[in-house]
Enquirer: 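Take this structure first; my questions come after.
Here is the naming used below: chain letters follow the sequence lines, and residue numbers restart at 1 for every chain.
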Amino acid sequence: MEYNFRAIESEWQQKWKDDKVYKVDNTSTKPKYYVLDMFPYPSGAGLHVGHPLGYIASDIFSRYKRLKGFNVLHPMGFDSFGLPAEQYALETGQHPAVTTQKNIATFKLQLDKIGFCYDWEREVQTSDPSYYKWTQWIFLQLFDSFYNRQTQKAERIAELVKAFETQGSNVPVVDATATPFTAAAWKNFDHAAKQNILMNYRLAYCGYGEVNWCEALGTVLANDEVINGVSERGGHLVVKKKLRQWYLRITQYADRLLEGLNHVDFSDAMKDMQTNWIGKSSGAEIDFAIKGHDAKLRVYTTRPDTIFGVDFMVVAPELELINTIKSPEQSTAVDEYIAYVKSRSDVERMAEKKITGCFTGAYAINPFSGREIPIWISEYVLSGYGTGAIMAVPCGDERDFKFAQHFSIPITNIIGEQYNGQEANPTKEAILENSGFLNGLVMKDAINVAVEKIEAAGIGIRKVNYKMRDAAFSRQRYWGEPFPITWKNGVAEVWEGELPLTLPHVDTYSPGPDAQGPLANIPEWVEKELETNTMPGYAGSSWYFLRYMDPKNNETFCDRKASDYWNQVDLYIGGTEHAVGHLLYSRMWTKVLYDLDMIGFDEPYRKLVNQGMIQGSSRFVYRLDVTEGLKDIFEGEILSNDDQSPIFVSNKFYTESYKLSDKLISIIENKYSSFSHLQSLKKYRSYNLSEIHVDVNFVDGVELNIDEFRKWKNGEYKNAILIGENEEVSFPDNPVSKCIFICGVETEKMSKSKYNTVNPNDLCDKYGADTFRMYEMFLGPVEASKPWDTKGIEGVHRFLRKLWRLFNDELKGKVWNTEKATDAELKILHRTIKKIEEDTERFSFNTAVSTFMICVNELADAKCYKKEVLEQLLILLTPYAPHISEELWQQLGNEGSILNATYPVFNPALLVESSKEYPVSVNGKVRTNLSLSLDLTQQQVEETILQNEVVQKWLEGKAPKRIIYVKNKMINVVV
RNA sequence: GCCCAGGUGGCGGAAUUGGUAGACGCAGCAGACUCAAAAUCUGCCGUUCGCAAGAUCGUGCUGGUUCGAUUCCAGUCCUGGGCACCA
């Protein structure tokens, strides 16, 4: 009987489905364990082998925990709102709901084929009205809440109203408003005035923010749709535009998001990323008078101790203030510079090495020295951080220093010898000079003195700042959750209908007027004065882990009993690309729901494991192209021919600079003198090699399958002429060719457009899901990123077949028996139990797979076909390769599914050793091995060692200085 | 630019706490079985020198700490991820 994985896998998948073996209850006497995968976006391209890496890891762990006696929740669903579906709708006119459903169906087929233990009855989809009903509802809770500074938690907006009614604006629970009011005044405000004030405190609020606006496309673009200041599609100009936007006041939670990191098990790298993103800093906000103007320049600095070293100011080019203060002489230059900056993204601005800037012609006054300080604008200062203006201290800050040098601004030294005039010194240890009342103080002590003086003088305040900004929460798009908000006379009101407020049908997905979303095109929607923005992708994904606990509930987002039972996610597996977006948002939402007493915990994820990315390994062919400039010359002579039979050259012509070589041309010439390209090549010797991605699925390693290549893309290259590595040429009409064509290789992101994706289904068909699962794990540590290479999968498949042969022989049939296992055989088993358990616990799945291989190799060598041993091994293997394990488990005559078996218990007594083969080194270099009893004393070991021939040889008669003996590890003789 | 991660054979990787570098697998080479092929099995498989025994160098690079460093420290180069509207 042979290992027929196709039959085995489909049979067991069907049986498990029929028996509902993965159904999970919200009540159990067993302890609970919640394993979560990051929410997939169901893209049209389907799953590629990179996606399931984390899913397989979590599936293994879920099954392992189940065997260990836990009630395990391991759900799956879809983050099904998003830009790609809408983009596709724009191009094809198909409704996103339709394409999304199609994509989800494909994903589910693919996932099921791999044999995951999801309870599909708990599936959620964010674009399903029964789901986004609750996303909208939670949004309304955010809208109806504010952050109480006193209690440090979210509370209902009604509480704030009560406070205003009794105490006016001077309340301890929130920061003061821009314009103070009394309790009496509050009561006299009209509705709109009150709402405007409250909008400053709501956790979900409306404000104004900049977006990437593309006039030509009439739409707002995502950052990744903008490249070098123009749109990716069409290359149209993109500028910043201010729009009314919804925001989440996540900044209020900055401190708690930081503090919460102490209570979760995330990697230090992940915690660092979040900490840096939040970017807490403390310093001061200082108002500088501006010469000849009433307006003040407010700067934020973390180093108020350096205030006497300020040589210039830098203001973000976006700041309105600039228009007021710019001098007539500088006006044109300033406007031109602002126009330049408008075309640049934040990333470009921060990454720019070239120093740019423009003097405004205005001067600020140093409040302590009275010095006049020139005010500049430059793109390296961003408007969103701090006050959008900095005081520049070139002797202490590298960027300020370079700026001063570039524009020849004189530099003041306030740290004496600590500053060498060649580069800035950002120390806090120097003793201040040229610094008025701060002279003689060490800088780090001077910070506090300076802040106190600034506060006393009434020109500034101590200020804690966060780099993190409030999260923009609206999109000018169609395919997202509508806001249950109406606008009455410019005031945002909660929509009065019953949730969900469903997405209306639209005829076109084109943007609405004035940079509004497509919803603005619908008369009925606009008539009802409904909000035309929709929510962003992270709305639905910020709370989905809660919905899985109680996915069908129509009364509440998640029953309290269910969330109390399942509590936090015990294990969350996903990529670092979500480090600062999704993870921070869902942590914030959890904290708000906790504050409002709707759930009983304030961190969503107890433990986070970061899965690495599987990169694509792309393959290239190199097309010989006539260069652009010469095209005219070839008109009529070549070009028509060119398109039909392009020439491709093998890798070596690209890497070994065979470009333009006589050799390449002579190859063609010698073989095919009538070749029509030849004349032009000889004549002009001017061509390029362009890299063209080819589908990795018809490249074996690096060798191109030329027949497949000719059939590719409906025969686009069927007439191609290929010059191989061995300098043989393949023509379309000579199918028998000795041409060996080698492709170029590069590691890149796995993506359909790069033709480097591999479909897991194909591999499951060819080798089986068990092989696929184990191979994904065998590739390397889950946390590591690595390029995909299908080649090694054979090895894992061979391993499973070898396992199969421990039970069945192709000719003899059943070979397993019920004989008693020997000590040696039990030792093999228990060493495996120990290692598999350890490796699984620490998510080291790749070494676990190796361990299985070693175990099966050893059992095969020992000809051990004993049920007593094999049965235990199968249980260990179930989480990794569930189908074959179940099949063999049944063959052994077991009742019931192996899914419910009990995990083997490791018996240390079986592994006790009495001696050890020690490596013996002399001066740290291993020279020999020696087997010694484990109960020897240091002295006994030393004596034995010195007797040894090899050791004596290396001692060369000298006496050893020291002998290091680490029991059970090694011995080192120092001479 | 800033933040984070990673550089080990031809390739993916192992070495869990500073203790035999290269487990396990792929590819390759040689052999057995076979009419042949597939499958399976056996052996070899970092570099240089050597018939061999053995020696030499070797974990991106340059230094340091240590009896001993892939592992710790400092610096440096390269690659990948993120940088707020892809999800």
Side-chain angles (χ1 to χ4, degrees), chain A residues 2 38-43 79 81-84 87 209 211-212 220-226 245 267-270 272-273 275-277 279 345-353 380 384 399 467-472 474-477 536-538 541 575-582 584 610 612-613 615 701 747-749 775 778-781 783-789 791-796 798-799 801-802 805 810 838-839 842 844 846-847 849-854 857 860 917-926 928-929 961-964 966 968-975:
Chain A
E2 63 175 21
M38 278 187 183
F39 223 10
Y41 175 79
S43 79
D79 190 9
F81 273 134
L83 198 49
Q87 197 55 48
V211 295
N212 298 315
V220 175
L221 297 176
N223 281 337
D224 71 336
E225 294 178 299
V226 184
Q245 302 266 48
S267 68
D268 287 343
M270 178 62 67
D272 280 355
M273 274 193 261
T275 304
N276 291 330
W277 180 264
S345 73
D346 282 3
V347 177
E348 286 169 338
R349 284 171 59 174
M350 300 303 289
E352 184 58 68
K353 284 183 190 166
Y380 79 84
R399 210 155 33 168
K467 216 184 286 172
M468 179 167 69
R469 309 199 286 266
D470 279 340
S474 46
R475 303 290 183 257
Q476 292 68 45
R477 303 285 180 185
Y538 65 83
S541 62
T576 47
E577 66 270 25
H578 297 285
V580 289
H582 159 66
L584 280 174
N610 291 122
M613 261 207 183
Q615 289 142 342
T747 298
E748 318 176 273
K749 230 182 186 144
Y775 183 58
F778 188 60
L779 273 183
E783 295 94 339
S785 292
K786 55 243 157 188
W788 176 263
D789 179 12
K791 278 220 138 174
I793 198 168
E794 296 273 358
V796 175
R798 267 174 224 154
F799 152 73
R801 281 212 308 261
K802 193 164 183 178
R805 287 200 304 273
E810 272 176 43
E838 281 171 5
D839 284 354
R842 65 188 177 107
S844 180
N846 57 327
T847 52
V849 176
S850 303
T851 304
F852 282 123
M853 289 175 171
I854 292 169
N857 287 346
E917 177 95 353
Y918 284 96
V920 180
S921 0
V922 179
N923 284 340
K925 279 194 187 228
V926 179
T928 187
N929 284 301
K961 236 188 242 166
R962 206 173 135 192
I963 294 174
I964 292 150
V966 184
N968 222 349
K969 289 275 188 213
M970 46 65 71
I971 298 160
N972 187 16
V973 182
V974 188
V975 186

Enquirer: Just how far, in rounded Å, is P of B:A23 from CZ of A:F799?
Expert: 18 Å
Enquirer: If we ignore angles and hydrogens, is there a donor and acceptor under 3.5 Å between the side chains of A:K467 and A:N276?
Expert: no
Enquirer: Take atom CZ of A:R798 and atom C1' of B:A39, then tell me their distance rounded to the nearest Å.
Expert: 10 Å
Enquirer: Treat primed atoms plus P, OP1 and OP2 as sugar-phosphate and everything else as base, then score nucleotides 2-7 of chain B 5' to 3': B for base contact with protein heavy atoms under 4.0 Å, S for sugar-phosphate contact only, - for none.
Expert: -SSS--
Enquirer: Would you mind reading off the distance between A:Y538 atom OH and B:C83 atom P, rounded to a whole angstrom?
Expert: 14 Å
Enquirer: How far, in whole Å, is B:G60 from B:A21 if one measures between their P atoms?
Expert: 16 Å
Enquirer: If the P atom of B:C57 is compared with that of B:G7, how far apart are they to the nearest Å?
Expert: 25 Å
Enquirer: What's A:V926 touching, base or sugar-phosphate or nothing? Going by heavy atoms closer than 4.0 Å.
Expert: sugar-phosphate
Enquirer: Using the P atom on both, measure B:C2 against B:G13 and round to a whole Å.
Expert: 28 Å
Enquirer: Would you classify A:S474 as touching base, sugar-phosphate or nothing, given that sugar-phosphate means primed atoms plus P, OP1 and OP2, and contacts are heavy atoms under 4.0 Å?
Expert: base
Enquirer: Using a 4.0 Å heavy-atom cut-off across all strands, classify A:R801 as base, sugar-phosphate, or nothing.
Expert: sugar-phosphate
Enquirer: Under 3.5 Å for both donor-acceptor distances, Watson-Crick or wobble: does B:A38 have a partner, and if so which one?
Expert: none
Enquirer: Does OP1 or OP2 of B:C67 have a side-chain N or O of A:K925 closer than 4.0 Å?
Expert: no
Enquirer: Any luck finding a side-chain donor-acceptor pair between A:T576 and A:N610 under 3.5 Å?
Expert: no
Enquirer: Hey, is the side chain of A:R962 poking within less than 4.0 Å of OP1 or OP2 on B:C67, counting only N and O atoms?
Expert: yes
Enquirer: For B:C26, what is the paired nucleotide under Watson-Crick or G-U wobble rules, both distances under 3.5 Å?
Expert: B:G10
Enquirer: Calculate the interatomic distance between A:F778 atom CZ and B:A23 atom P; express it in whole Å.
Expert: 11 Å
Enquirer: With C1' as the reference atom in both, quote the distance from B:G19 to B:G10 in angstrom, rounded to an integer.
Expert: 30 Å
Enquirer: Both distances below 3.5 Å, Watson-Crick or wobble geometry, any strand: find the nucleotide opposite B:A5.
Expert: B:U79
Enquirer: Would you please confirm or rule out a distance under 4.0 Å between OP1 or OP2 of B:U16 and any side-chain N or O of A:R842?
Expert: no
Enquirer: Sticking with atom P, work out how far B:U62 lies from B:C26, rounded to a whole angstrom.
Expert: 35 Å
Enquirer: Report which part of the nucleic acid A:P40 touches: base, sugar-phosphate, or nothing (heavy-atom distance under 4.0 Å, all strands).
Expert: nothing
Enquirer: Rounding to the closest angstrom, what is the interatomic distance between B:C35 and B:G43 at atom P?
Expert: 25 Å
Enquirer: Give one of base, sugar-phosphate or nothing for A:Q615, where a contact means two heavy atoms less than 4.0 Å apart.
Expert: sugar-phosphate
Enquirer: Which part of the nucleic acid, if any, lies within contact of A:G82, taking any heavy atom under 4.0 Å across all strands shown: a base, the sugar-phosphate backbone alone, or nothing?
Expert: sugar-phosphate
Enquirer: Would you indicate what A:K961 reaches in the nucleic acid, counting non-hydrogen atoms under 4.0 angstrom: base, sugar-phosphate, or nothing?
Expert: nothing
Enquirer: Once you round it to whole Å, what is the distance between C1' of B:A27 and CG of A:D789?
Expert: 10 Å
Enquirer: Would you classify A:M38 as touching base, sugar-phosphate or nothing, given that sugar-phosphate means primed atoms plus P, OP1 and OP2, and contacts are heavy atoms under 4.0 Å?
Expert: nothing
Enquirer: Which part of the nucleic acid, if any, lies within reach of A:Q87 when heavy atoms closer than 4.0 Å are counted: base, sugar-phosphate only, or nothing?
Expert: nothing
Enquirer: Does a side-chain N or O from A:R805 land closer than 4.0 Å to OP1 or OP2 of B:C41, or not?
Expert: yes
Enquirer: Using O4'-C1'-N9-C4 for purines and O4'-C1'-N1-C2 for pyrimidines, with syn meaning within 90° of 0, is B:G7 syn or anti?
Expert: anti
Enquirer: Check the distance between B:G82's P and A:N610's CG and give it to me in whole angstrom.
Expert: 13 Å
Enquirer: With nearest nucleotides of RNA chain B determined for A:N857 and A:V220 from heavy-atom distances, which residue corresponds to the more 5′ nucleotide?
Expert: A:N857
Enquirer: Could you work out the separation of B:C51 and B:A74 based on their P atoms and round it to a whole Å?
Expert: 47 Å
Enquirer: Write down the distance separating the P atoms in B:A15 and B:U8, rounded off to the nearest Å.
Expert: 15 Å
Enquirer: Counting the atoms with a prime plus P, OP1 and OP2 as sugar-phosphate, which does A:L779 contact under 4.0 Å by heavy atoms, base, sugar-phosphate, or nothing?
Expert: sugar-phosphate
